[in-house]
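Shown next, in structure tokens, is the structure this report addresses.
Indexing begins at 1, ligand by ligand and atom by atom, following the structure's order. Values in this document were obtained by computation on a predicted structure and should not be read as measured data.
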Amino acid sequence: MDKDGVALEAWEKLGFGFVEVGTVTALPQLGNPKPRLFRFPELGALINRMGFNNNGARSLAQRMEALQNSGKRPGIPIGINIGKSRVIPLESAHSDYLESFRLLYQHGDYIVLNVSSPNTPGLRDLQHVESLAKILGTLRDWEGGNASKPLLLKIAPDLAPKEITDIASLCEKEQLAGIIATNTTLDHSALRSNHHDEIGGLSGRPLQEKSTAVIRQLRDVTHLPIVGCGGIFSSANANEKFQAGANLVQIYTGFIYRGPALIREICSGLPYSCCGNSLTQ
Ligand SMILES: Cc1cc2nc3c(=O)[nH]c(=O)nc-3n(C[C@H](O)[C@H](O)[C@H](O)COP(=O)(O)O)c2cc1C
């Protein structure tokens with residue numbers, strides 16, 4: 001939710017083990033007209049069509065640099081999530097991602113390629129392996145054979161099993177550091193007739209099972225680290241993601257409804273079986 005990295009010091013103080021800023025795009029953009037974020041408290045859900053409102057990759061790079069120079073960069077890992085600028089055609093997506101990647105490379109402890117937001121027209125088409133291979137190839141070429149920065153891919157929960165398998169094998173081939181599963185869903189069936197619908201991505205409780213199922217499918221086909229995300233409202237929900245094969249978890253909607261208490265609850269509520277690895281120490 002911290003598109004432009006304005007609250008990095010606060011995230012660490014609230015108890016997060018790592019934080020991901022963005023999505024930022026190469027070109028600054030306003031995002032979609034408001035209203036663009038809708039609450040459904042009785043469902044524990046949100047629908048958003050923010051549309052990557054952000055000040056652009058260059059501005060984030062400057063902020064990160066200033067933070068570093070002031071000695072106030074948090075000690076926790078900071079990931080930077082990059083997306084495609086809305087006005088750039090899909091055919092040129094690879095150069096647009098490269099622009100953000102280049103500007104932010106040295107500032108992120110890891111970089112996330114976001115090809116799964118439903119709110120930038122056509123963005124999810126970039127999950128097709130041919131498009132994805134072109135983008136990943138462009139980034140790897142720029143790195144010039146010494147790929148040192150952990151690069152992760154964030155995927156949608158609405159993919160078919162074959163697509164998940166194909167994406168996982170491409171990620172292995174390109175030696176990605178992991179896969180983030182998942183972004184919001186376009187399946188609004190949980191809203192049923194008594195709730196008004198809105199255009200956008202649905203997150204929170206209605207996404208919980210769906211994102212866990214994607215993690216499970218991924219774990220069947222890859223040994224890459226998986227970051228589980230989608231409908232985590234409790235340490236039990238976080239543990240379901242770990243049981244399904246996730247190595248780390250992220251929260252958004254649960255944090256909106258439960259507030260900062262959820263962070264420490266998740267970090268302290270894991271069963272002993274999860275405490276032997278470095279993720280929880
Ligand atoms: C208001 C809002 C804005 C979001 N913006 C982004 C974004 O810019 N980039 C991104 O990768 N995911 C974005 N997401 C998706 C979340 O990071 C997360 O993947 C998804 O909401 C599922 O997790 P949750 O159920 O815990 O919210 C956004 C979600 C919400 C609710």
Side-chain angles (χ1 to χ4, degrees), residues 1-6 11 16 18-25 28-32 34-41 43-57 60 79-86 97 100 104 108 110-120 123-124 126-127 152-159 178-188 190 198-215 226-235 237-238 240-241 246 248-259 262-263 266:
M1 67 189 67
D2 189 1
K3 306 274 189 208
D4 295 304
V6 297
W11 302 126
F16 282 105
F18 69 107
V19 66
E20 190 174 307
V21 300
T23 296
V24 284
T25 51
Q29 52 186 42
L30 292 172
N32 287 318
K34 294 179 182 177
R36 54 192 182 184
L37 176 55
F38 306 89
R39 288 183 181 231
F40 298 86
L43 296 176
L46 295 173
I47 289 181
N48 91 84
R49 49 170 182 267
M50 305 298 285
F52 294 163
N53 51 306
N54 79 100
N55 291 329
L60 179 60
I80 298 179
N81 179 314
I82 59 175
K84 185 187 77 67
S85 310
R86 191 182 179 98
Y97 277 102
S100 299
L104 293 163
Y110 70 90
I111 307 283
V112 180
L113 199 61
N114 180 10
V115 285
S116 49
S117 166
N119 302 315
T120 296
L123 192 84
R124 286 185 167 194
L126 299 176
Q127 293 176 119
L152 289 87
L153 183 75
K154 183 163 178 180
I155 62 170
D158 306 317
L159 295 163
I179 301 174
I180 305 185
T182 67
N183 214 312
T184 55
T185 181
L186 284 172
D187 173 4
H188 289 197
E198 288 289 346
I199 292 169
L202 177 68
S203 60
R205 286 194 201 280
L207 176 61
Q208 198 175 298
E209 283 302 321
K210 211 177 171 69
S211 65
T212 306
V214 173
I215 294 166
I226 298 171
V227 183
C229 182
I232 298 175
F233 277 64
S234 65
S235 61
N237 295 157
E240 283 155 22
K241 301 286 194 244
L248 293 160
V249 291
Q250 295 180 325
I251 55 172
Y252 195 135
T253 307
F255 182 64
I256 302 297
Y257 285 116
R258 297 263 344 259
L262 177 59
I263 305 159
I266 290 173

Is there a side-chain contact (heavy atoms from CB on, under 4.5 Å) between Thr25 and Lys84 once you walk through the steps?
-> CA-CA 6 Å; Thr25 51; Lys84 185 187 77 67; 5.9 Å; no

Donor-acceptor pair between Ser235 and Asn237 side chains, under 3.5 angstrom = no

Expected output: side-chain Asn119 to main-chain Ser117 donor-acceptor under 3.5 Å | no

Shortest non-hydrogen contact between Ile215 and Cys229, atoms and distance | CD1-N, 4.5 Å

When rounded to the nearest 0.5 Å, the distance separating CG of Asp158 from CG of Leu186 is 5.0 Å

Extract all N/O-N/O pairs under 3.5 Å that connect ligand 1 to the protein, and present each with both atom names and the distance rounded to 0.1 Å.
| residue | atom | partner | partner atom | Å |
| --- | --- | --- | --- | --- |
| ligand 1 | 5 (N) | Lys3 | NZ | 3.1 |
| ligand 1 | 8 (O) | Lys3 | NZ | 2.7 |
| ligand 1 | 8 (O) | Thr23 | N | 3.2 |
| ligand 1 | 8 (O) | Thr23 | OG1 | 3.3 |
| ligand 1 | 9 (N) | Thr23 | OG1 | 2.6 |
| ligand 1 | 9 (N) | Asn114 | ND2 | 3.4 |
| ligand 1 | 11 (O) | Asn81 | ND2 | 3.0 |
| ligand 1 | 11 (O) | Asn114 | ND2 | 3.1 |
| ligand 1 | 11 (O) | Lys154 | NZ | 3.0 |
| ligand 1 | 12 (N) | Lys154 | NZ | 3.0 |
| ligand 1 | 17 (O) | Lys154 | NZ | 2.9 |
| ligand 1 | 19 (O) | Lys154 | NZ | 2.9 |
| ligand 1 | 19 (O) | Thr182 | O | 2.9 |
| ligand 1 | 25 (O) | Gly204 | N | 2.9 |
| ligand 1 | 25 (O) | Gly231 | N | 2.7 |
| ligand 1 | 26 (O) | Tyr252 | N | 3.1 |
| ligand 1 | 26 (O) | Thr253 | N | 3.4 |
| ligand 1 | 27 (O) | Thr253 | N | 2.9 |
| ligand 1 | 27 (O) | Thr253 | OG1 | 2.5 |

Answer yes or no on whether Arg86 is positioned over the face of Phe52, meaning its NZ or CZ is under 6.0 Å from the six-membered ring centre and within 45° of the axis.
-> no

